[in-house]
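Following this message is one structure expressed as structure tokens.
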Amino acid sequence: MPKEKATTRKSAKTADKSAGGKKKKDPNMPKRGLSAYMFFANDQRDKVRDDNPGIKFGEVGKQLGEKWKALNEKQKAPYEAKAAADKKRYEEEKAAYTAKGADEDEEEED
DNA sequence: CCCCTGATTGTTACT
DNA sequence: AGTAACAATCAGGGG
């Protein structure tokens with residue numbers, strides 16, 4: 001199993017060990033679909049802020065985090081469902097990307 | 001064939 | 001505009 005690390009993917013990236021940056025970002029790389037957490041945050045963000053009026057983002061994020069884990073599979077179900085729906089969206093982009101985006105030129109009708 | 005790592009998404013608030 | 005913890009998730013490369 002992967003070692004859960006406080007990876008700040010951005011800037012500091014998750015490189016603390018010999019990771020070796022390979023992976024190349026393709027030109028038409030479709031942005032992955034959102035995660036269940038994204039949808040969860042979208043719904044709870046308002047609730048959490050209402051429960052913790054005036055709290056900063058840091059608190060909200062942590063609250064959301066532990067609450068998210070507190071949810072049962074059925075609670076996450078609707079969020080995962082949306083995530084899956086978005087993922088499907090991504091699949092389409094990815095398919096198109098892997099299909100021709102490989103070298104095909106992008107023609108944008110202006 | 002299997003594991004891991006990097007990259008990406010969205011929230012809000014601050015700088 | 002970018003970054004900060006929070007969690008998820010995928011795709012590809014390397015062993």
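All chains are named by letter (A, B, ...) in the order of the sequence lines, taking the proteins before the strands, and each is independently numbered beginning at 1. Values below: all heavy atoms of this structure, side chains included; hydrogens, waters and symmetry mates excluded.
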Problem set entry | side-chain N/O A:N42 vs B:dT11 OP1/OP2, d < 4.0 Å |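 So the side chain of A:N42 is within the cut-off, an N or O lying under 4.0 Å from OP1 or OP2 of B:dT11.
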
Problem set entry | B:dA7 phosphate, OP1 or OP2, under 4.0 Å from A:K31 side-chain N/O |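 No, outside the criterion.
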
Exercise. Rounded to whole angstroms, how far apart are CZ on A:F39 and C1' on B:dT8?
Worked result: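 Taking atom C1' of B:dT8 as the reference, CZ of A:F39 is at 13 Å.
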
Exercise. Is the shortest heavy-atom distance from the side chain of A:R32 to the side chain of A:K94 under 4.5 Å?
Worked result: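 Not in contact.
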
For this session: Decide if atom CD of A:E73 counts as having more than 12 heavy atoms of other residues, nucleotides or ligands within a radius under 6.0 Å.
Result: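 Incorrect, the count does not exceed 12.
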
Exercise. What about A:I55 and A:F40, same hydrophobic cluster or not, with Ile/Leu/Val/Met/Phe/Trp/Tyr joined at side-chain heavy-atom distances under 4.5 Å?
Worked result: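 Linked, A:I55 and A:F40 end up in one cluster.
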
Exercise. For A:R32 and C:dT9, is the shortest distance between a side-chain N/O and OP1 or OP2 below 4.0 Å?
Worked result: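 Checking C:dT9 against A:R32, no side-chain N or O comes under 4.0 Å of OP1 or OP2.
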
Exercise. Is there a chain of hydrophobic side chains (I, L, V, M, F, W, Y, each step under 4.5 Å between heavy atoms) that links A:F57 to A:L64?
Worked result: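 The answer is no; the residues belong to distinct hydrophobic clusters.
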
For this session: Using a cut-off of strictly less than 4.0 Å between a heavy atom of the residue and any atom of DNA chain C, enumerate the qualifying residues of residues 85-92 of chain A by number.
Result: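 Heavy-atom contacts with DNA chain C come from A:K87, A:Y90.
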
For this session: Indicate, with yes or no, if the rings of A:F39 and A:Y79 have centres closer together than 6.0 Å.
Result: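 A:F39 vs A:Y79: aromatic centres not under 6.0 Å.
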
Exercise. Cluster question for you: counting only ILVMFWY and a side-chain heavy-atom cut-off of under 4.5 Å, with indirect links fine, are A:L71 and A:Y37 together?
Worked result: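 Per the 4.5 Å side-chain linkage, A:L71 and A:Y37 are co-clustered.
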
Exercise. In whole angstrom, what separates A:E59's CD from B:dT11's C1'?
Worked result: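 Answer to the nearest Å: 14 Å.
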
Problem set entry | Nearest listed nucleotide, side chain of A:Y37, among B:dA13, C:dA5, C:dA7 |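 For A:Y37, the side-chain atoms sit closest to C:dA7.
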
Problem set entry | First encountered from the 5' end of DNA chain C, between A:M29 and A:M38 |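 In this pair, the answer is A:M38.
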
For this session: Quickly work out the A:F40 CZ to C:dT9 P distance and round it to whole Å.
Result: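 To the nearest whole Å, that distance equals 14 Å.
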
For this session: Measure the distance from NZ on A:K76 to C1' on C:dT9 and round it to the nearest whole Å.
Result: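 Spelled out: NZ on A:K76 to C1' on C:dT9 is 13 Å.
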
For this session: Output yes when at least one side-chain N/O atom of A:R45 is less than 4.0 Å from OP1 or OP2 of C:dC6, else no.
Result: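 For C:dC6, OP1/OP2 do not have a side-chain N/O of A:R45 under 4.0 Å.
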
Exercise. Is any NZ, NE, NH1 or NH2 atom of the basic residue among A:K88 and A:E91 found under 4.0 Å from an Asp or Glu carboxylate oxygen of the other?
Worked result: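 Looking at A:E91 together with A:K88, the answer is no, because their closest N to O distance does not fall below 4.0 Å.
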
Problem set entry | Spacing between A:E93 atom CD and B:dT8 atom C1', to the nearest angstrom |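 Spelled out: CD on A:E93 to C1' on B:dT8 is 12 Å.
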
Problem set entry | Length of the line joining A:L64:CG and B:dT11:P, which is rounded to integer Å |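 Interatomic distance, CG of A:L64 to P of B:dT11: 12 Å.
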
Exercise. Should A:K56 be listed as having a side-chain N or O under 4.0 Å from OP1 or OP2 of B:dC14?
Worked result: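 The answer is no; no side-chain N or O of A:K56 sits under 4.0 Å from OP1 or OP2.
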
Problem set entry | Separation of B:dT11 P from A:Q63 CD (nearest whole Å) |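 These atoms are roughly 19 Å apart.
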
For this session: Would you mind reading off the distance between A:K69 atom NZ and C:dC6 atom P, rounded to a whole angstrom?
Result: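 Going from A:K69 (NZ) to C:dC6 (P), I get 9 Å.
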
